[in-house]
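Note sheet for the following structure.
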Amino acid sequence: MSLKSLLCERGNLQEPALIFEDATFSRGELLGRVDDLAARLRNAGVAPGSRVLLALPNLPAFVISLLAVNDCGAVVMPVNPALSEDERRRLASLARPHTILTADGDTGALDGVRVSRTAEAEDADAEGAAAIIFTSGTTGGQKGVMLSETSLMANARAVAAYLRLAEHDRTLIFLPLSYAYALSQLLSTFSAGGCVVLLPNLRYPVIAFRTMAEHRITGFGGVPTSLAILARARHAAGTPFDSLRYILSAGGPLSSTLAESVRQAFPGVELFNNYGCTEIGPRATTVSYAAHPDKIGSIGRAIPDVRVTIVRADLSIAGVGETGEIVLDGPSLMTGYYRDPETTATRMSRYGFHTGDYAYADADGFIYHQGREDDIFKSAGEKVSATEVEEVVLAHEGVVEAAVVSCPDAILGAVPVVYAVRRPGMSVTDRELQMFCARRLAKHKVPRAVHFVDELQKTASGKIQKRFLRELLQ
Amino acid sequence: MSPAAAQERAIREVLSAITLSDECLVVPRDITLEALGVDSAAMIELLYALEDRFSIQIGEHEVEPEHFASIETLAALVARKCP
């Protein structure tokens, strides 16, 4: 079995499987391109177990490369090509790929791939992994989540089942395919015999709407920020979307206000709120707000083949309405963190993977996310570790103390804001501090506002009282 | 400074504030917004910031490559809208 077999399960080979701008690839054509590239990769030395880094934007070349690398029995490591030079260097030293695939811009073809071998890759154990997806870890550093083929396929089929995806479905994907979320949309659509329409990004919402109308899109998924952008721009679209059937939200908390604006902007379209994490491949729970309007605010119940347990700190199971940690298990669970068995071990118990997310379930089993105990939040669907940002701020010579907290934002969900104490005699400005961070951190981690204060209130044990700072921002 | 040059300078300052990069103040005017690090969420910030800075109204339908491609196309849009 390989991922490309998903393309053969349903639908006939003449039907379109992938559309990008003016180019349409039927299932048969796509399989042909995959076989050609797989042969090229084998000739270039890609073998079972080889690690192949995919630094490609949302182009047909990404999809072809993903399936071809997998067909060779190699491990695919997709990374966002929009990463900064600094982030890419850090990622490459963690990833240790044998081969790197990039877009071949010279040919101008949408499916052109450039294959480069790296200098002798060091040994690293990625046993059983079909893909390694990089995600921000709890301590802020990158983690490689190893997902097996079984994991990817199990989760794709479960998503296809609850979305009731079928051969006539056309999924619009504008999130980067290097994310587990977009990968799940791709594989679940393929597994149902549907067609994927790719967009490079959501920079121009008008283009997204035009694409939806032109290709009769039946569904799309976004992080809450994407949905806020689309709901806001909806009136500019003009044409009604009679083909649109569902919208997915995942990758961050969907507020009741945003759920309502999405419902108003897309009347009659079924809105699903979802929860998950890359480690579970990535989908864990879902709820249709059309079917359960009384459960708005909930992240739903477990999807097929995922077991969700809410546990207390002593590992006993939390009762109805009682908040505990979300623990996930099932065939789609990762095989572990790449090159980090210690962290893998600390996150696992007999119930499965400990997410660090806290929630409670109501009497009907619907789960309500309550946040995290650590200092991690999401901005535009991306994880931000307050600790990581604080370390950078404190590295500035003009700052002696700093506390980073999340501030609610209508479009981005939340943004990092820093409270800092200046070093006596130093006169660092907010702009200087932001620029200092911008040179060292990904954009979503750079504090949107800097508040200089004389002191930061602390507990008896000397810990900064962040609760007080958060209240200031509400 | 001519009014057009002043407008372009102001657009560059807006972009610099959004992207937190002084590069925007000096790059050639045909560099794409994408290359300057303006992602989909920053596009909305840019829209608001331009409306605010120049006291103009920009419709959502105008956020497309024709107008929101580079400093050059933004300058043309702002010039057309400014009284």
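Lettering follows sequence order; numbering is per chain, from 1.
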Worksheet entry | Crowding at CD, B:Glu34 (>12 non-hydrogen neighbours, <6.0 Å) |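 Not buried by this count: 12 neighbours or fewer within 6.0 Å.
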
Discussion item. Taking side chain to side chain donor-acceptor pair (under 3.5 Å) as the definition, give me every residue that meets it alongside B:Arg12, ordered by chain and number, with sequence neighbours left out.
Written reply: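 Counting only residues at least two positions away or on another chain, B:Arg12 forms a side chain to side chain donor-acceptor pair (under 3.5 Å) with B:Glu8.
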
Fill in: A:Arg232: side chain to side chain donor-acceptor pair (under 3.5 Å) partners, not counting sequence neighbours
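So A:Arg232 forms a side chain to side chain donor-acceptor pair (under 3.5 Å) with B:Tyr48, B:Glu60.
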
For [X], is it the side chain, the backbone, both, or neither that has a heavy atom closer than 4.5 Å to a heavy atom of chain B?
| X | result |
| --- | --- |
| A:Leu202 | both |
| A:Ala233 | both |
| A:Ile229 | both |

Fill in: Region of B:Glu45 in contact with chain A, defined by heavy-atom distances below 4.5 Å
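Just its side chain gets close to chain A.
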
Worksheet item: So which bits of residues 65-79 of chain B come within less than 4.5 Å of chain A, counting non-hydrogen atoms only?
Response: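 Expected list: B:Pro65, B:Phe68, B:Ala69.
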
Worksheet item: What residues of residues 13-21 of chain B sit under 4.5 Å from chain A when you count only heavy atoms?
Response: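 Counting heavy atoms that sit under 4.5 Å from chain A, the residues of residues 13-21 of chain B involved are B:Ser16, B:Ala17, B:Ile18, B:Leu20, B:Ser21.
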
Discussion item. Between the side chains of A:Arg203 and B:Glu64, is the shortest nitrogen-to-carboxylate-oxygen separation below 4.0 Å, so that they form an ion pair?
Written reply: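 Looking at A:Arg203 together with B:Glu64, the answer is no, because their closest N to O distance does not fall below 4.0 Å.
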
Item to complete: Mind checking the OG-CG spacing from B:Ser40 to A:Leu199? Nearest 0.5 Å is all I need.
Response: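 The OG atom of B:Ser40 sits 11.0 Å away from the CG atom of A:Leu199.
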
Worksheet item: What are the two closest heavy atoms between A:Lys443 and B:Ala42, and how far apart are they?
Response: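 Closest approach of A:Lys443 to B:Ala42, heavy atoms only: NZ-CB, 3.9 Å.
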
